[in-house]
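What follows is one structure encoded as C-alpha cells, with my remarks underneath.
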Amino acid sequence: MPAVQASGLVKKFGELRAVDQIDLEVRTGEVFGVLGPNGAGKTTTLKMLATLLSIDSGRAEIFGVDVAAEPHRVRQLIGVTGQYASVDEDLTGAENLWLFGRIQGLSSKAARATASRLLEQFGLTEAAERRISEFSGGMRRRLDLAASLINRPPLIFLDEPTTGLDPRTRGQMWNTIRELVDDGCTVLLTTQYLDEADQLADRVCVIDQGRKVAEGTPDALKSQVGDSTLQLELAPGADQALARAVIVRVLGEEPVATPESGRLNVALAVADRAADVLIALREAAVSIVSVSVAKPTLDEVFFALTGHGTADGPAATVPGQSTSSLDGTSGLDGSASFDGSASFDDSATEVAR
Amino acid sequence: MSTVLAEPSLVRPKPAPPVDPAAAVARAKSRVGLRETVTQTLAMAWRALKKMRRNPEQFFDVAFQPLLFTAMFAYVFGGAISGDVHSYLPLLIPGIVAQTVLTTCMATGTQLREDMDKGVFDRFRSLPMSRVAPLAGPMVADLVRYLIAATLTYAMGLILGYRPGGGVLGVLGAIVLAVITGWSIAWAFTWIGTIARSARSVQGISMMILFPLTFLSNAFVPAKTLPGWLETFTKVNPVSHLVSATRDLANNGVLTAQVGWTLLTGLVVIVIFLPLSVLTYRRSL
C-alpha cells in the first residue's frame, strides 16, 4: 500500500489555483521530494495531505486512510515539520517535547523519558532547559523535527527542512532524514534545492505554478539538463559565433547565451568534457575572461522543463551573482546563510580573471 | 562549550523496532475519547500557566484595574450618588468586581487570537488531539486571573473602608460566583478570538460589547435613577444580575434568585459559544 496516494488535488485561494490537479504516489519506505520555486504550490500540497488545509477537489489517502473523511486517524500516522518552527517560544526544549508527548497520550513519566531520548538523539541535551526563544535557527529546526517523531509516525512531512540553514547544520539534517528512512519511515519533503533532492530523494516531482511538470528519479531529471553546466565569459571583442561553433563541434550541444553579455552556458553530460571545450577554444584563438563548472541549478532544470525560468527571479545561473540580493529568492539564492556556501556546496570551481 | 556545534548522535540509546505502517493504521483511533480530552485540556492549561509565570506583565491589567478604578470611582462618584464615599462602597465594589471580571474575559479572547497566529498552533492542528483542548486549556488557566481580579477588588474596597455585611463567607461566595461567571462568559470572547483577524480587532469588538453592558447596568448607579426605558434594559442586562447577586452575597450574606439568573446566563453563554468556538477553530484549518 502506498504511503501517499493523491489524485486530482486542487486548492483555490480566490481566483488563484495554488494547486491544480496534482497527482502523487509516494511508496512506503522511500524519500519523495517535491521540487519547485517559491509559490509553486509545494507547501499548499503538503498542508492538504497533512490535514492542515481542506482539499477543494480531488482525493488523498495516507496508508489507505482518506484524508478528508478521517483526518483524526491521518493525524496519528503523520509527523509534520513546517517551514517555520512550530514549537512554543516561551517553553524550554524539554517542556515542548513533554507537552506534545502528553497531548499524544503518553503518561507524564513516559513523555519525560521520550523528551530526553529525543533531545539526546538530536544533540540538544544541553539546551533542554533553555527557552526556544534563545535557540539558534538550526536548533529550532532540530527540535521541531524531534517534536514530529514523538509517536514514531510512519510518514513524515518535511517542508523545506534546510531552507536558511548553514551547510553544516544542513548536512546534519540530511543525516537525520536518512536515519529516519533506515528506521522504516517514509518521508515526503519539499525543497527548492536540486542538490537536496538529489542527495536525499529516491524520486522527485517538479511543481510549477500549481501543476506537476515532471516526475522521476533525480538522475532522470538531471539527465535532462546535464550533470553540470559549463559557464564561460568571453573576452570583449571575442568572436561569439566562432565560440558557439567550436562548442557545438566538441560537445554536440548548443550553448545558451545568458542575459549578461558575452556569457555562454553549456550543459555538460560529464564535467570532464569542460577541458576539451577549453582546449578547442584556445586552438581557435577565442579568448575567455572566466570559466566555471557548476551543478545545474533549479533555474536551469526549470528552463529545460518549462521553457521559462523560476517565476520569482532572473535566471541567475551563478549563485551569489544575481542582480539583486533583496529579491533574489530564486533557486539557490534563497537565503543569506546559504548564499555564502553556494560555491562550497555546489563545487563551482571558478577560475577568476 | 557550545551546544550548537554538538553533533547529533548517530547511535540510539535503545534500538527501537522499525516503524510499521500497517500496525500504526490498525492502532489509529477514529475519535478522541473523553479522558484524552481532559488530559489534553489539562496539558494545555499547564502550558498557559507556564506562559503566565514567564510573562508576568500580562497580569498588569488584571492587577491594576481593580485598584485604580475602585479608588477613582469611589472618590469621584461617591458624594454625588450616595452622599459620601463610605456609603457608596457597598454599591460600587460588586459593580467593579463585575466590570473587572468581564474585562479579564476580553484578555482571554485577545490572547487566544495572538496564540493562534503562532507557529505552534500549526502543530496543535496537525496532532491527533481534541479540538476543544486548545481553547479550553487556556481558559482553565484563566481561572487564576479571575480569582486575582476579584480578590484584589475586595481587598482594595476593604482598604477604602468597605465593611461587607455578608462576612467572610458572603465575600467568598461572591468571589466564587464572579469567577464562575467570568469563566462562562469568556467563551463568548473565545469565539470572537477564533473569528477575528487580529488581536487588535478582538479587543475592538470586545470593548464595543463590554462598555455598554457594564455601564448600562446597575453596576455604578442605582437603576431607579435612570429613565424608564433604560431601567428596563438594565433589568434584563445579565451584568445587572451578576452585580445584584454579588451585592446580596457580599453585603447581606444571602443567596437570592439573582444567583440563579447569573448562573443560568453563564450556562446559556457556554451552550451557545463553546460549540461555535470549536466549529470556527475546526474551520480555520
Side-chain angles (χ1 to χ4, degrees), chain A residues 1 3 28 50-54 63-65 70-80 82 84-91 95-96 99-100 102-105 117 120-127 131 136 138-139 142 144 147-148 152-155 168 172 175-176 179 182-186, chain B residues 1-25 27-33 35-36 39-44 46-48 50-55 115 118-131 133-134 137 282-283 285:
Chain A
M1 183 189 297
T28 300
T51 76
L52 289 170
L53 272 179
S54 60
F63 295 111
V65 180
E70 298 190 278
H72 186 70
R73 289 187 75 204
V74 167
R75 289 183 193 119
Q76 291 164 75
L77 303 172
I78 59 172
V80 188
Y84 306 101
S86 36
V87 286
D88 197 309
E89 296 275 318
D90 290 326
L91 300 183
E95 285 169 349
N96 262 294
L99 174 68
F100 299 134
R102 282 296 278 161
I103 288 174
Q104 290 176 76
R117 176 174 58 79
E120 190 186 325
Q121 188 189 332
F122 284 85
L124 292 167
T125 303
E126 283 166 73
R131 280 193 228 177
S136 71
M139 288 161 74
R142 265 142 65 198
D144 204 19
S148 307
R152 306 186 74 227
L155 172 63
R168 187 189 160 80
Q172 288 175 352
N175 283 336
T176 309
E179 283 177 45
D182 292 343
D183 232 25
C185 287
T186 306
Chain B
M1 192 68 257
S2 164
T3 44
V4 187
L5 294 176
E7 284 284 351
S9 70
L10 293 168
V11 191
R12 311 204 159 184
K14 263 181 269 166
V19 173
D20 179 4
V25 173
R27 260 200 318 270
K29 281 179 267 178
S30 44
R31 51 181 61 250
V32 199
R35 254 186 65 187
E36 286 164 296
T39 314
Q40 289 162 358
T41 304
L42 290 179
M44 292 301 281
W46 171 86
R47 166 177 179 266
K50 278 268 173 204
K51 288 168 90 82
M52 278 185 198
R53 265 186 33 205
R54 284 175 193 171
N55 303 301
D115 213 18
K118 286 181 190 151
V120 68
F121 257 77
D122 265 347
R123 183 167 301 282
F124 294 142
R125 289 190 181 110
S126 74
L127 287 178
M129 74 188 286
S130 148
R131 306 284 114 172
R282 256 181 212 278
R283 281 247 184 86
L285 298 189

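Every chain is numbered from 1, with letters handed out A, B, ... down the list of sequences. Only a predicted model underlies this, so the values are computations on that prediction, with no experimental measurement involved.
Options Ser130(B), Ala23(B), Ala22(B), Ala24(B) differ in how many heavy-atom pairs under 4.5 Å they form with chain A, and the most are formed by Ala24(B). Here Arg131(A) is the residue among Arg131(A), Gln104(A), Arg102(A), Glu89(A) with the most heavy-atom pairs under 4.5 Å with chain B. Taking Gln40(B), Met129(B), Arg54(B) one by one and counting their heavy-atom pairs under 4.5 Å with chain A, the maximum is reached by Arg54(B). Interface summary for chain B: among Asp182(A), Val87(A), Ile78(A), the most heavy-atom pairs under 4.5 angstrom belong to Val87(A). If you tally non-hydrogen atom pairs under 4.5 Å between each of Leu127(B), Asp122(B), Thr41(B) and chain A, the highest count goes to Leu127(B). Your options are Ser86(A), Gly64(A), Cys185(A), Pro154(A), and the one with the most heavy-atom pairs under 4.5 Å with chain B is Ser86(A). Heavy-atom pairs under 4.5 Å with chain A peak, among Met44(B), Arg31(B), Glu36(B), Lys29(B), at Lys29(B). The residue among Ala133(B), Ala43(B), Pro21(B) with the most heavy atom pairs within less than 4.5 Å of chain A is Pro21(B).
At least one donor-acceptor pair closer than 3.5 Å links the side chain of Arg75(A) to the backbone N or O of Arg125(B). In terms of modelled atom types and a separation under 3.5 Å, the side chain of Gln121(A) and the main chain of Arg117(A) share no donor-acceptor contact.
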*Given side chain to side chain contact (heavy atoms under 4.5 Å, CB included), test Met1(A) with Thr28(A) step by step and report yes or no.*
CA-CA 7 Å; Met1(A) 183 189 297; Thr28(A) 300; 5.5 Å; no
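In this structure, Met139(A) and Ala127(A) approach most closely via the heavy-atom pair CE-CB, 3.5 Å. In plain terms, the two heavy atoms of Val80(A) and Ser126(B) that are nearest each other are CG2-CB, 3.8 Å.
The part of Thr39(B) that comes within reach of chain A is its side chain, from C-beta onward, which places non-hydrogen atoms under 4.5 angstrom from that chain. Of the atoms belonging to Pro71(A), not a single heavy atom falls under 4.5 Å from chain B. Contacts of Thr186(A) with chain B are absent, with no heavy-atom separation under 4.5 Å from either backbone or side chain. For a residue to count as touching a neighbouring chain, one of its non-hydrogen atoms must lie under 4.5 Å from one of that chain's; by this rule Ala147(A) touches chain B with backbone and side chain alike. Interface remark: Phe124(B) contributes side-chain atoms only to the contact with chain A (heavy atom separation under 4.5 Å). Both the backbone and the side chain of Ile103(A) come within contact range of chain B, with heavy atoms under 4.5 Å apart. Neither the backbone nor the side chain of Arg35(B) comes within contact range of chain A, judged by heavy atoms closer than 4.5 Å. Contact of Val65(A) with chain B is made through the side chain alone, with heavy-atom distances under 4.5 Å.
Partners of Arg47(B) under the salt bridge (charged side-chain N to carboxylate O under 4.0 Å, His left out) rule, at least two apart in sequence or in another chain, are Asp88(A), Asp115(B).
Going from atom CG of Leu91(A) over to atom CG of Leu99(A) covers 6.5 Å, rounded to the nearest 0.5 Å. Rounded to the nearest 0.5 angstrom, Glu95(A) CD and Lys50(B) NZ are separated by 4.5 Å. To the nearest 0.5 angstrom, Arg142(A) atom CZ is 5.0 Å from Gln172(A) atom CD.
For the pair Leu77(A) and Leu155(A), the minimum side-chain heavy-atom distance is 4.5 Å or more.
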